[in-house]
Amino acid sequence: MNRNRNALKNGIHDGFPIALGYFAVAFSLGIVARNAGLNPFQGFLSSILNHASAGEYAEFTVIMANAPYFEMAFVILVTNIRYLLMSCALSQKFSPDTSLFHRLLVGFGITDEIFGISIARAGSLNPCYNYGAMAIALPSWAAGTAMGIIAGNILPTAAVSALSVALYGMFLAVIIPAAHTDKIVGGVVTASFLVSFLVSKIPSLAALSDSLKISFLTILISGIAAFFFPVKEDPEDASLPNENQEVAAQ
């Protein structure tokens, strides 16, 4: 029980800066939601169920176009498809006896940043860690959307967008330590930046969504890296205590 409590506290601690960044980004998203005709409660509900800015921007665009529900579902599926890959990767961090309930609940709360801090943790992953991060980050995302709708266009868009710089800072905080520790990771990260930039300049791929491009590049680059630079299991990891033992049986 103490192990679960500590994992929950660590998740809240690591999720706090994510929550701050989410609030700023979701605030500008709320202005778009207001233009689509959503009230604060509808915006809050949308963001608590859809945790991706790109997915929600696509959602609000479809709403403004008066498109059918099927088209909205398809657009959100394509835009957020990368989270399927993240969930599959993160599932490898759990103990084999972790229940399906915990896996589904953690998968529901996957975002780019929560995935980043979760996958970077050493040893097996306790679902309570994700619950802690989700408990503070996701409500902040939803509250930011609602507040953005309330504020409307009172604040200049440029001022709100400037606040989102904190989100990029969080990405750097996740990437830099791992790249500094492992040169192969640093090389893969650098290659990902370069390849993503080159792909964005190819006219024939302009029709594809950013999420679809990211998903394709993730599979391609990670597959190549895994083939040429397989991760060798550290013998010391086998002696680490399994922090899922208490939560897996629940």
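We count residues from 1, following the sequence as given.
- F27 CZ to S140 OG: the interatomic distance, rounded to the nearest 0.5 Å, is 12.0 Å.
- By the side-chain contact (heavy atoms from CB on, under 4.5 Å) test, L198 is found to be paired with no residue, residues two or more places apart in sequence or in another chain being considered.
- Atom SG of C128 is separated from atom NE2 of H102 by 7.0 Å, given to the nearest 0.5 angstrom.
- A donor atom on one side chain and an acceptor atom on the other are found under 3.5 Å apart for R5 and N2.
- A search for side-chain hydrogen bond (donor to acceptor under 3.5 Å, both in side chains) contacts involving D14 returns Y129, not counting sequence neighbours.
- Clustering ILVMFWY residues whenever any of their side-chain heavy atoms sit less than 4.5 angstrom apart, transitively, puts I202 in the very cluster that holds I221.
- When hydrophobic residues (I, L, V, M, F, W, Y) are linked wherever their side-chain heavy atoms come within less than 4.5 Å, L84 remains an isolated member.
- The closest donor-acceptor contact from the side chain of S95 to the backbone of T98 lies at 3.5 Å or more, if one exists at all.
- Using modelled atom types and a 3.5 Å distance limit, the side chains of N50 and N80 yield a donor-acceptor pair.
- Qualifying side-chain hydrogen bond (donor to acceptor under 3.5 Å, both in side chains) partners for S46, counting only residues two or more places apart in sequence or in other chains: E56, E59.
- K93 places a side-chain N or O within 3.5 Å of a backbone atom of G123 that can act as its donor or acceptor partner.
- The side-chain heavy atoms of F94 and N126, taken from C-beta on, include no pair separated by under 4.5 Å.
- Distance check, rounded to the nearest 0.5 Å: CG of L125 to CD1 of I117 gives 9.5 Å.
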Go through S53 and Y22 one step at a time and tell me if the side-chain hydrogen bond (donor to acceptor under 3.5 Å, both in side chains) criterion holds. CA-CA 9 Å; S53 57; Y22 278 0; over 6 Å; no
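- Taken together through direct or relayed side-chain contacts under 4.5 Å among Ile, Leu, Val, Met, Phe, Trp and Tyr, F228 and I184 form part of one hydrophobic cluster.
- For residues 185-199, no residue pair satisfies the side chain to side chain donor-acceptor pair (under 3.5 Å) rule, not counting sequence neighbours.
- Evaluation of the side-chain contact (heavy atoms from CB on, under 4.5 Å) rule for A58 yields V75, T79 as partners, not counting sequence neighbours.
- Under the side-chain contact (heavy atoms from CB on, under 4.5 Å) criterion, V185 pairs with A178, D182, V189, not counting sequence neighbours.
- For the atom pair CG of N4 and NZ of K9, the computed distance is 12.5 Å after rounding to the nearest 0.5 Å.
- Side-chain atoms of Q92 never come within 3.5 Å of backbone atoms of A89 as a donor-acceptor pair (strictly under, hydrogens ignored).
- For the atom pair CD1 (I114) and CD1 (I18), the distance works out to 5.5 Å, reported to the nearest 0.5 Å.
- Using a 4.5 Å heavy-atom cutoff, the side chains of L29 and V25 are not in contact.
- Counting only residues at least two apart or in different chains, ring pair (Phe, Tyr, Trp, His ring centres under 6.0 Å) contacts with residues 39-60 comprise H51-F108.
- The same ILVMFWY cluster, assembled from side-chain heavy atoms under 4.5 Å apart, contains both F227 and L217.
- In terms of hydrophobic clustering, with Ile, Leu, Val, Met, Phe, Trp and Tyr side chains grouped at heavy-atom distances under 4.5 Å, L77 and L104 are assigned to different clusters.
- Taking CE of M72 as the reference point, atom CD1 of I76 lies at 6.0 Å (rounded to 0.5 Å).
- Each ring pair (Phe, Tyr, Trp, His ring centres under 6.0 Å) pair with one or both residues in residues 177-197, not counting sequence neighbours, would appear here, but there are none.
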